[in-house]
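Below, chain A is the first sequence line, B the second, and so on; all start at residue 1. Since we're looking at a predicted model, the values are computed, not measured.
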There are 2 protein chains.
Amino acid sequence: MRRTSRPRSERETASVYSVRDAALTLFARRGFHGTALSEIAEALQIRTPSLYNHMTSKQGLLAEIVTTTSHQVWEDYRHAVAEQSTIEDQIRAAVYVYALRHATHPREAMVVNRDIAALEEPTLSEVLELRRRHEHALRGLVEQGIDDGIFDRQPASLVSFAVLEMCVSIARWYRPDGEFAPEEIARQYGEFALRMARGDRTTSRPSGL
Amino acid sequence: MRRTSRPRSERETASVYSVRDAALTLFARRGFHGTALSEIAEALQIRTPSLYNHMTSKQGLLAEIVTTTSHQVWEDYRHAVAEQSTIEDQIRAAVYVYALRHATHPREAMVVNRDIAALEEPTLSEVLELRRRHEHALRGLVEQGIDDGIFDRQPASLVSFAVLEMCVSIARWYRPDGEFAPEEIARQYGEFALRMARGDRTTSRPSGL
DNA sequence: CCTACCGATCGGTAGG
DNA sequence: CCTACCGATCGGTAGG
């Protein structure tokens, strides 16, 4: 499955996938502007001009990585929330899938969160809109919980920002051979989110139940 | 006070401070590799070679920004914790000053957290060591609280990573003309941290008291 | 997939 | 603080 930095052998040639994969690794490590196309080519053991058989431009490579990931994040969210019925379960699920993605796709997460400013229009606006939608949706859940009386009265935007960004940071320190499995981390972060939202309340459901 | 992007006038000339300040603004916006020295010079309305009267190199500019900030973060932490006597108050204070710094110095925070990989040795190792020390110190407080029975039994490293990174993210969205003052944000994040550490326990002190 | 090559721009230096 | 200039490297194209 993993073709990253595997040197080509026999008649195997570079592909759209392998170029994207090598770019992902290098963009994540050095940043978009810190990565030269010659480095991507070198990782694939081909010459720089040959890359253009598998991509349109360096910018196009970035756009593809960021837009694909951003759309997946939004789809993750929609599906996770749709399967739950209570606000608490929806938030737990939304944070779970978001945290999980950052542990299982740390390279994509690094690039999305560091190199968005390097995107050109109209891709930049498209991505910012998807992120805004995601953040507002989570914030809406927190606001709903506050209105329902199950969460503390507090600025919902601070909760949603803090929750999303603590998930993003997983990509900075997660290692596949580390102490925790992605699912453990995701579960724990789901709990963190609920604790932050609940505030000084107890774990139990609102007084009516 | 604020000299950023103020054009020079009369006999006023560029200074070490103004070069550092212009670099800070541009590094924060476009990243270290995404910023050209010619852009810094343009912001100061001088020619690129003239920058070298006020700096040693582009790399030196980055090193100065990152090391100064990293040392200040560690000093903030030491002073904040030294003034408190309980674990809860120490964590609250440590998170308060860290969050506050990210709201009051968003440019420094952006650069430190995005362009560390662009540092050369030995600066890179020095900065990583300071950050490691900070993270381990906060983690130690969480572990102490767990041992004392005031916090949930849980992986202390997940708590400390999540807390620190949610503070870092303040630099991404904070705007001086926004809804919340830095002190309000910092206070709220201090509470978030304690809620995460406490887990399903109530706010009250351990059973003994 | 390659070699050969393009103009542009990079960080930085010489010398005043 | 400037002009003039350096070698290196950038993303990308021509043409096969």
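Between Thr48(B) and the phosphate of dG12(C), there is no side-chain N or O to OP1/OP2 separation shorter than 4.0 Å. Between Arg47(A) and dT3(C) there is a side-chain N or O to OP1 or OP2 distance below 4.0 Å.
Among the nucleotides dC1(C), dA4(D), dC2(C), the one closest to the side chain of His54(A) is dC1(C). In the set dC1(C), dG11(D), dA4(D), the nucleotide with an atom closest to the side chain of Pro49(B) is dA4(D). Distances were taken from every side-chain heavy atom of Ser50(A) (C-beta onward) to each of dC1(C), dC2(D), dG12(C); the shortest belongs to dC1(C). Minimum atom distance to the side chain of Tyr52(A) is reached by dG12(D), of the listed dG12(D), dC1(D), dG11(C). Each of dC10(C), dG12(C), dT3(C) was ranked by its minimum atom distance to the side chain of Leu37(B); first place goes to dG12(C). For Ile46(B), the side-chain atoms get nearest to dC2(D) when compared with the rest of dC2(D), dC10(C), dG11(D).
Remark: DNA chain D forms stems of 3 or more consecutive Watson-Crick or G-U wobble pairs, all pair distances under 3.5 Å, at C:1-16 with D:1-16.
Put simply, NZ on Lys58(B) is 8 Å from P on dG12(C), counting in whole angstrom units.
In this structure, a donor-acceptor pair under 3.5 Å is absent between the side chains of Asp21(A) and Ser18(A). Side-chain atoms of Arg131(B) and Ser70(B) form no donor-acceptor pair, as typed in the model, at a separation below 3.5 Å.
The closest donor-acceptor contact from the side chain of Ser169(B) to the backbone of Met166(B) lies under 3.5 Å.
With Val19(B) as the fixed residue, the side-chain contact (heavy atoms from CB on, under 4.5 Å) test singles out one of Leu24(B), Leu51(B), Asn53(B): Leu51(B).
Along DNA chain D, the nucleotide nearest Thr56(A) and the nucleotide nearest Ala36(A) are compared for position; the residue whose nucleotide lies closer to the 5' end is Ala36(A).
Ring pair Tyr98(B)/His134(B): centre-to-centre distance below 6.0 Å.
Note on ring orientation: taking the six-membered ring where Trp is involved, the planes of Trp173(B) and Phe161(A) are parallel (angle under 30°, cut-offs 30° and 60°).
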